[in-house]
Amino acid sequence: MIRFMHVSKEYARGGLALDDVSFHIAKGEFAFLTGPSGAGKSTILKLVYMEEFPTEGDVRVAGVHAGTIRRGEIAQLRRKLGVVFQDFRLLEERTAAQNIAFALEVTDAPRANIATKVSRLLTQVGLSSKANALPRELSGGEQQRVAIARALVNDPFVLIADEPTGNLDDRATRGVFQLLRDINAAGTAVLMATHNLELVRRSDYRVIEINRGQLVYDSAEAAADAAVDRSTPA
Amino acid sequence: MRLTLRETLLAFRRAPLLSALSVMTIAFSLFSLGLFVLVAVNIRDALQQVEERVEIRAYVADGTPVEALAAALGDIGSFPEVARADGISQEEALERARAELGEFRDVFDAAFLPASIEVRLKPGFRDPETVGAVAARIRTYPFVDDVRFGEEWVRKLYNIRNLATAAGIILGVAFAAVAIIIIGATIRMAVLARGREISIMRLVGATDGFIRRPFLLEGLAKGVLGGILALALTYFAHSLISRTLVATRFFDERIILAGVAFGALIGLLGSAVSVGRHLRRV
């Protein structure tokens with residue numbers, strides 16, 4: 001599903017961000033990406049949704065290789081994955097429902113289904129009563145739920161979350177995390193970067209830890225026989 | 001397409017000040033270009049009027065048979081460069097001289113003024129070389145005494161015309177370049193103001209073409225609006241000048257259409273360049 005093979009990433013001005021990182025996320029899996037700020041978590045996520053490309057090694061997502069993907073295919077790939085951020089990235093002048101509909105409209109979704117789909121998603125994230133609220137009228141937790149609903153519009157196979165609870169209080173954090181668990185339980189893989197160790201400890205999901213651009217711990221590898229894991233096809 | 005249209009209208013509604021500002025900027029850059037073109041067109045008109053007066057006059061020897069003169073007139077009239085050739089008899093010459101000279105009308109008698117052939121040239125054949133060549137050909141008729149065409153004057157006129165054309169092209173290109181740069185910067189500002197929107201569109205998987213479309217339409221609309229506004233301003237300036245200073249001619253439909261089309265084109269190009277750059281960067 002998502003496979004990193006000896007990936008190194010060097011930014012022109014930022015130096016080496018990732019150094020020989022390899023891992024594989026299976027279909028429907030939930031994995032945490034942890035590590036201190038600047039360790040390379042966001043870089044890994046950017047490589048997954050192909051905003052950045054590896055300097056060395058290969059990234060393979062849903063069968064496409066970062067090395068050979070054409071610019072036009074990136075848009076198609078992104079429709080198959082959902083991305084949420086710490087800062088929500090909602091359009092301020094559009095309502096919750098419009099923000100979600102926007103993602104459908106700009107991907108040429110059939111217009112007839114948009115309203116139904118938006119209201120179903122709002123219900124799924126528990127915001128059916130806030131459809132017409134602007135982002136500034138919503139709490140942080142609610143805004144992140146809108147962002148998650150938007151990320152789910154095209155039924156992605158994986159939800160990529162970059163510190164989704166970074167700006168939220170404990171209660172909102174628990175709510176958003178539960179939502180991500182529910183989404184995962186319904187079959188969508190989740191790759192979540194976080195440095196909220198409390199969340200990580202409380203659940204028994206896979207943990208991939210990055211430090212200074214290197215993969216220093218992978219709970220999946222620690223548990224299983226490393227050799228067997230590496231031979232598993234993507 | 002409907003979505004593109006809606007997004008474009010939304011862009012205008014959400015940022016009315018920025019949109020108005022870009023339309024005004026486009027309008028004023030095109031206005032300065034328009035004023036320049038207005039001046040250029042009127043100078044060209046004035047020069048054309050002067051040019052129409054370029055003529056060759058061949059003086060005919062006394063006693064030339066009427067038939068020979070008529071044959072020569074037909075001959076000269078069929079030269080490719082010649083618009084018309086008229087015979088002026090001694091009597092007619094006297095009439096004209098009297099009309100032109102007013103109080104000195106009595107100093108002439110008919111015999112004093114020779115008959116002549118008056119030749120006007122077609123547009124495009126009024127440069128010194130052609131005028132000289134036609135004059136030389138007319139001079140070969142045996143009954144032609146003398147040929148005059150104000151050589152010095154034709155040469156000067158021609159130089160002025162060339163100078164005006166060259167200055168027109170250089171200044172016109174400069175004005176157009178300034179307009180394009182300013183409009184490009186304006187549209188770039190509009191694109192930057194919506195950088196967040198663009199990055200979100202890319203994130204959720206909108207294609208580059210899709211992202212570009214509303215911006216292109218917006219640029220096009222701004223260009224057309226700016227062009228129309230510039231025309232209105234130019235027209236206002238024109239009527240002001242015509243009323244107070246000197247009567248001028250306004251643009252014909254062709255130039256009006258070309259002006260609006262030019263506005264549309266740079267609006268479109270400006271946004272295409274700005275969005276393209278932005279898309280590569282985000």
Side-chain angles (χ1 to χ4, degrees), chain A residues 45-46 48-52 61-62 64 69-85 87-95 98-111 114 121 134-135 146-157 159-162, chain B residues 1-22 187-222 271-282:
Chain A
L45 298 186
K46 281 179 184 166
V48 173
Y49 61 86
M50 302 208 180
E51 179 161 327
E52 295 291 348
V61 180
V64 289
I69 194 168
R70 288 196 310 267
R71 198 180 158 81
E73 292 168 341
I74 295 176
Q76 300 305 321
L77 172 71
R78 291 199 180 151
R79 293 177 194 192
K80 290 189 240 162
L81 30 93
V83 193
V84 294
F85 297 95
D87 59 357
F88 322 131
R89 306 212 182 161
L90 298 173
L91 292 167
E92 294 301 326
E93 65 286 350
R94 292 179 207 235
T95 65
Q98 285 170 346
N99 263 287
I100 299 167
F102 183 71
L104 285 164
E105 287 163 350
V106 302
T107 49
D108 298 318
R111 297 192 63 79
I114 290 181
L121 283 162
L134 291 171
V146 175
I148 291 170
R150 182 181 65 192
L152 294 177
V153 287
N154 288 313
D155 305 312
F157 71 89
L159 185 66
I160 295 157
D162 195 354
Chain B
M1 194 59 222
R2 217 171 67 185
L3 182 71
T4 304
L5 208 64
R6 199 195 71 193
E7 288 296 317
T8 307
L9 287 176
L10 263 170
F12 272 95
R13 230 176 47 205
R14 283 212 194 97
L17 200 70
L18 188 63
S19 301
L21 206 69
S22 9
I187 289 168
R188 193 166 159 67
M189 217 160 65
V191 172
L192 282 175
R194 289 170 65 194
R196 193 182 162 78
E197 202 168 329
I198 295 180
S199 68
I200 290 172
M201 284 167 100
R202 298 199 59 200
L203 198 67
V204 298
T207 57
D208 286 352
F210 185 92
I211 297 171
R212 213 174 268 131
R213 257 183 279 154
F215 285 105
L216 294 187
L217 197 63
E218 190 184 331
L220 185 78
K222 281 178 181 170
S271 10
V273 170
S274 307
V275 180
R277 250 198 234 152
H278 207 73
L279 280 177
R280 275 198 300 279
R281 238 192 25 183
V282 174

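Letters A, B, ... are given to chains in the order of the sequence lines, protein chains preceding strands, and every chain is numbered from 1. Computed from a prediction, not measured in an experiment: that's the story for all the values here.
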Side chain to side chain contact (heavy atoms under 4.5 Å, CB included) between A/R79 and B/T207, intermediate numbers included: CA-CA 10 Å; A/R79 293 177 194 192; B/T207 57; 3.6 Å; yes
Return the minimal non-hydrogen interatomic distance between [X] and [Y], and the atom names on each side.
X      : Y      : answer
B/I200 : A/R150 : CG2-NH1, 3.5 Å
A/E105 : B/F210 : O-CZ, 3.7 Å
A/A75  : B/A206 : CB-O, 3.7 Å

What's the separation between atom [atom1] in [X] and atom [atom2] in [Y], rounded to the nearest 0.5 Å?
X      : Y      : atom1 : atom2 : answer
B/M201 : A/R78  : CE    : CZ    : 13.0 Å
B/E197 : A/E93  : CD    : CD    : 6.0 Å
A/R71  : B/D208 : CZ    : CG    : 4.0 Å

Sub-4.5 Å side-chain heavy-atom contact between A/V153 and B/V204: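 In short, these two side chains do not touch, never coming nearer than 4.5 Å.
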Chain B contact via A/L90 - which portion, at a heavy-atom distance below 4.5 Å: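 Answer is backbone: N, CA, C or O of A/L90 sit under 4.5 Å from chain B.
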